[in-house]
Amino acid sequence: MTETLPHQARADLPPQWTPAEVEGDLYERWVERGYFTADADSDRPPYTIVIPPPNVTGTLHMGHALDHTLIDVLTRRRRMQGYEVLWLPGMDHAGIATQNVVERELAKEGKSRHDLGREAFVERVWQWKAEYGGKILGQMRRLGDGVDWSRERFTMDEGLSRAVQTIFKKLFDDGLIYRAERIINWCPRCRTALSDIEVDHSDDDGELISIRYGEGDRSIVVATTRAETMLGDTAVAVHPDDERYQHLIGTEVELPLTGRHIPIVADPHVDPEFGTGAVKVTPAHDPNDFEIGQRHDLPALTIMDERGVITAHGPFEGLDRFEARPAVVAALRQQGRIVAEKRPYTHAVGHCSRCDTVVEPRLSMQWWVKVESLARAASEAVRDGRTSIHPPELARRYFDWVDDMHDWCISRQLWWGHRIPVWYGPNGEVVCVGPDEEPPGGEGWQQDPDVLDTWFSSGLWPFSTLGWPDRTRDLERFYPTSVLVTGYDILFFWVVRMMLFGLYAMDGEQPFHDVFLHGLIRDAAGKKMSKSKGNVIDPLDWLDRYGADALRFTLARGANPGADMALAEEWAAGSRNFCTKLWNASRFALMNGATVARPVPARDRLTDADRWILDRLDETVSEVDGLFEAYQFGRACDALYHFTWDEFCDWYLELAKVQIAGGGERAEATRAVLGHLLDALLRLLHPVVPFVTEVLWTTLTSGESLVIAEWPARRGAERDGTAARRIAGVQKLVTEIRRFRSDQGLKPGQRVAARLSGLGEADLAGHEGAVRTLVRLDAPADGFTGSASLEIGLPGGTVTVELDLSGAIDVAAERRRLTKDLAAAEKELAGCEAKLANPRFTDKAPADVVAKIRGRRETALADIERIKARLAALPGA
RNA sequence: GGGCGCAUAGCUCAGCGGGAGAGCACUCGGCUUACAACCGAGGGGUCGCAGGUUCGAACCCUGCUGCGCCCA
């Protein structure tokens, strides 16, 4: 066989993998060649994922990096499996956040959005987007996201806006959208309504002030954390059964500072145990009070404007709510009405999730989605398995939420967003306008000034991005999407919304088959990353320093369903090391002529090592397949890491060196096995580490691209148990000899003459050469005398190794080693015998378990006997 | 207040009925021609506490303690 190898030309990989120099070009080539562009007319089965649209103002953070890595792993694997993959990218317009950004910019010019007027302001936002928006899209390229850029969407683009208007009209016509005056969460800084989930609650220090209303035996004491709201009180409520207040129910008291008289009402929702059992009722500024007000037909008095500034009420007019609070308390104190003050008083306070301003409950007219029937359908779709949530523990949280969902406040008092398509006529007409309809013209008609919640449009994302409301080819092909991958923290914000709208708009067809919810990124100590804590890790920094593959591998390897992930620099370095290892191993294989040009020879022409590693590859393929299917990214990566490093590199490559060194047909066969293994391994790793594998694979195979290569299938050959047992024997032999050498202080490189016996009995006759090479033992010369020896127990028999150490052996070290082994064997024996002595164990345990324990006892007994003999034979024993 | 989850090696985490695992960190020895971003060897754990079920429990059940998250 000729040694002139066609592959020598391509064996000149650079000695080092330098991701920063090649990743960018590789990515652009993938995009140019259209690998990520989905073909709606192919006959492949579809696999669809829509990106959780990042915020147009945002930049890539670790949470995105994790989410995108997982999606990219899923889609790249499916593409290799022959699916027509669509990973659809895009962004949402982030109403409040974007408006804030542009308003801040205007503020620097000393202007407000009102100075510009609505139209000019919106124009200005578009300009801002064109100039600064969507930074994240460029950053996604650096990560390697295999998205279909030709289908990129934006929630404010024409098609998606049309979708918004279409569904609004449909919901309106079906009576599922209505307008009502209620208490909503109001952000006085953003000056807009917020939905319940846009409010974050925290326990803050405040004060609890007890105030006496009325005089003498007609007085009553109420406690409040928001004293200023007393200006808007229209009643005091007590529990109907509260004996303390029976005489007061139905009477009136004078409300201090205002001179108004307000009734004392009985309401079963008052908790008589809390405080004095009497509560002030401010229907316009508290959701519970609003309900009490409804039940008792009380007036609702709004005492603040949209900025949280007190309106009217004499001396308090014009004060901010937080200035008004002490002012009101002082005035009450002056009148001797403060009965008690408690500071600090810790209580839950709602904050705007966008700007952290304390939310002000406020009575106002807003648009709502009536969610009851939609939520029922959303619940049903998960209950009957049309959509399954992974990990399943989180399904419960989903049910708890949708089964008790409150109507959704969808109007926002902003300018940036989808304007509510409702027109009001001069005579009180209310007309909802569909996308193809002309708005009513003429004198006195006005469009509703508000826009819709951003989540309203992102709730349509899985189908609006595919062309809905038109029945497009994309929609037919790619809906329902295969899986939604996102963090569990936006289950309610977004996932639920998509379920509501998807089922409604698509005639009961669910928006995704699976929902996979991953955890949140934390720092090395498990703490949440935050700018204020200064523990934020920037993925771009890791991209620069370790490469995209290292970042991706770190994130994928750490992703365990339902669990958060702690990250530290060392993890990234470890992943980078893994890529380097893969690089070096591949370089070695290529330098030694690894090839895919020749098929792997028939099994009976292969060595034990070949058969073992091919079987292990097969097992790894199955294992990794199963784990990826179950969204077990972390374990899949671990399995790949272990196979690559601990089995392929540490053992097979070392054994292959021996096989190649022998030359001839064996060497050629080994080159084919190496080529086949590397080919499959690179394919398996490609979804997680696409860049380094692409370079190595194209070098190995001269193929066009790994992106469009086939995912490895199991060979299906019957596992060779004999080969596996023999390689396990070789491994034990090598490890034990290395341990002995290490204990005896022999340098790793130092060659030592040795005689091995008993290999035949242990069924390892053919492996002596490999063992000698791996542990640097030379053949015994004439007149060899072993000055030291060790015995290694193997299933078939005991192998004895006699070494010429040409010097005194370290007896103490040897005794330590043997004593330790003896203790372990004795512990093992004791454990086995205890079990076997128990008749209930031998009766009830499965036969194979009992047999296994019996076998372990025999092994332990033999070990003990052998070790004891060695110990007794040691000098000075 | 209601609900959910987690407590396993120094750190971060897998394992979830039959031999305690990984990565990183640590100790010792090595530039052994793929790899010092590495190689070889090693140390380290009453699997939170207390009960129960079982022939057998890190794993299932109950209670407790301590953390975390979600919702009010």
One should report the stems of RNA chain B, each a stretch of at least three consecutive Watson-Crick or G-U pairs at distances under 3.5 Å, as B:1-7 with B:65-71, B:10-13 with B:21-24, B:26-30 with B:38-42, B:48-52 with B:60-64
Among the nucleotides B/A41, B/A37, B/C70, whichever has the atom closest to the side chain of A/Gln16 is B/A37
A/Arg557 has its side chain closest, among B/C70, B/C38, B/A22, to B/A22
Review point. Taking the P atom of each, how far is B/U65 from B/C26, in whole Å?
Key: 39 Å
Do NZ/NE/NH1/NH2 and the carboxylate oxygens of A/Glu623 and A/Arg616 come within less than 4.0 Å?
no
Result for 5'-nearest mapping on RNA chain B, choosing between A/Ser742 and A/Asp564, is A/Asp564
Considering only atom C1', compute the distance from B/C47 to B/C6 and round it to an integer number of Å.
14 Å
Winner on side-chain proximity to A/Phe492, out of B/C70, B/C35, B/G3, is B/C70
A/Ala585 near the nucleic acid: base, sugar-phosphate alone, or nothing, with a heavy-atom cut-off under 4.0 Å? base
- Query: Just to confirm, is there a sub-4.0 Å distance from OP1 or OP2 of B/C39 to any side-chain nitrogen or oxygen of A/Trp645?
  - Reply: yes
**Message:** Tell me whether the side-chain N/O atoms of A/Lys581 come closer than 4.0 Å to OP1 or OP2 in B/C35.
**Reply:** no
Taking the P atom in each of B/G45 and B/A37, what is the distance between them to the nearest angstrom?
31 Å
- Run the salt-bridge test on A/Asp541 and A/Arg545 with the 4.0 Å N-O cut-off and return the result as yes or no. yes
Please confirm whether any donor atom in the side chain of A/Gln632 sits under 3.5 Å from an acceptor in the base of B/A14, or the reverse. no
From CD of A/Gln750 across to P of B/C31 the rounded distance in Å is 12 Å
Note: contacts of residues 731-739 of chain A with RNA chain B (heavy atom, under 4.0 Å) are A/Thr735, A/Arg738, A/Arg739
Here the distance between atom P of B/U32 and atom CG of A/Asn584, to the nearest Å, is 15 Å
At 4.0 Å (heavy atoms only), tell me whether A/Glu393 reaches a base, stays on the sugar-phosphate, or touches nothing. nothing
Checklist entry - Base, sugar-phosphate alone, or nothing: which one does A/Leu520 contact when heavy atoms must sit under 4.0 Å apart? => result nothing
Residue pair A/His406/A/Ala566 against RNA chain B: nearer the 5' end by closest nucleotide is A/Ala566
Closest non-hydrogen atoms of A/Tyr652 and A/Val673, given as atom of the first, atom of the second and distance, are OH-CG1, 3.3 Å
When rounded to whole Å, the CG to C1' distance for the pair A/Leu700 and B/A34 reads 15 Å
Exercise. Taking atom C1' in both B/G21 and B/C59, what distance in whole Å separates the two?
Worked result: 14 Å
- Taking the C1' atom of each, how far is B/G44 from B/A25, in whole Å? 12 Å
For A/Trp583, the ring pair (Phe, Tyr, Trp, His ring centres under 6.0 Å) test, sequence neighbours excluded, returns A/Trp17
- State, yes or no, whether a side-chain contact exists between A/Gln744 and A/Glu814 at a heavy-atom distance under 4.5 Å. yes
Heavy-atom nearest pair, A/Val624 first then A/Ala639, reads CG2-CB, 4.1 Å
query = What do the steps show when you test A/Glu833 against A/Arg857 for side-chain contact (heavy atoms from CB on, under 4.5 Å), and what is the final call?
reply = CA-CA 7 Å; A/Glu833 295 211 308; A/Arg857 179 178 64 177; 3.5 Å; yes
| Test: A/Lys657 cationic atom under 6.0 Å from A/Phe588 six-membered ring centre, within 45° of axis | yes
ask   = Where do A/Arg383 and A/Ser379 land on the side chain to side chain donor-acceptor pair (under 3.5 Å) test, with the steps shown first?
value = CA-CA 6 Å; A/Arg383 247 177 255 280; A/Ser379 177; 2.9 Å; yes
Of the candidates B/A14, B/A34, B/C24, the side chain of A/Asn560 sits closest to B/A14
Separation of B/G18 atom C1' from A/Lys852 atom NZ, nearest Å, is 7 Å
Closest of B/A37, B/A34, B/C24 to the A/Thr580 side chain is B/A37
**Request:** Please work out whether the ring planes of A/Phe492 and A/Trp401 are parallel, tilted or perpendicular, with thresholds of 30° and 60°.
**Result:** parallel
Quick note, A/Lys528 side chain, CB onward, closest among B/G19, B/G30, B/C70 is B/C70
When rounded to whole Å, the CD to P distance for the pair A/Glu570 and B/U12 reads 12 Å
Distance between C1' atoms of B/C31 and B/G40 (Å, rounded)
13 Å
Can A/Glu393 and A/Tyr488 be said to form a side chain to side chain donor-acceptor pair (under 3.5 Å), step by step? CA-CA 11 Å; A/Glu393 301 93 85; A/Tyr488 63 71; over 6 Å; no
Per atom distances to the A/Arg635 side chain, the nearest of B/A14, B/A34, B/C70 is B/A14
Pairs: protein N or O with nucleotides 54-59 of chain B N or O, under 3.5 Å:
residue: B/C55; atom: OP1; partner: A/Lys844; partner atom: NZ; Å: 2.1
residue: B/C55; atom: O2'; partner: A/Asn838; partner atom: ND2; Å: 2.9

Atom CG of A/Asp271 and atom P of B/G2 are separated, to the nearest Å, by 14 Å
Pairwise side-chain contact, A/Met62 with A/Met565, heavy-atom cut-off 4.5 Å (strictly under): no
By salt bridge (charged side-chain N to carboxylate O under 4.0 Å, His left out), A/Asp863 pairs with (sequence neighbours left out) A/Arg866
Side-chain contact check for A/Cys649: nearest option of B/U12, B/A34, B/U32 is B/A34
Check your understanding: Does the gap between the ring centers of A/Phe633 and A/Phe516 come in under 6.0 Å?
Key -> yes
Taken to the nearest whole Å, CH2/A/Trp651 to C1'/B/C39 is 12 Å
A/Phe633 atom CZ is separated from B/G23 atom C1', nearest whole Å, by 20 Å
Contacts satisfying side chain to side chain donor-acceptor pair (under 3.5 Å) that involve residues 547-563 of chain A (not counting sequence neighbours) are A/Asp72-A/Arg552, A/Thr554-A/Ser575, A/Arg557-A/Asp638
- Task: Remember a base hit wins even if backbone is also touched, and classify A/Ala573 as base, sugar-phosphate or nothing at under 4.0 Å, heavy atoms.
- Result: nothing
OP1, OP2 of B/C4 versus side-chain N and O of A/Arg396: anything below 4.0 Å? yes
*Expressed in whole Å, how much space separates the P atoms belonging to B/A22 and B/C39?*
15 Å
* To do: May I ask you to evaluate whether A/Arg397 reaches the phosphate of B/C70, defined as a side-chain N or O under 4.0 Å from OP1 or OP2?
  => no
Practice item. Taking atom P in both B/A36 and B/G42, compute the distance separating them and give it to the nearest angstrom. Key: 23 Å
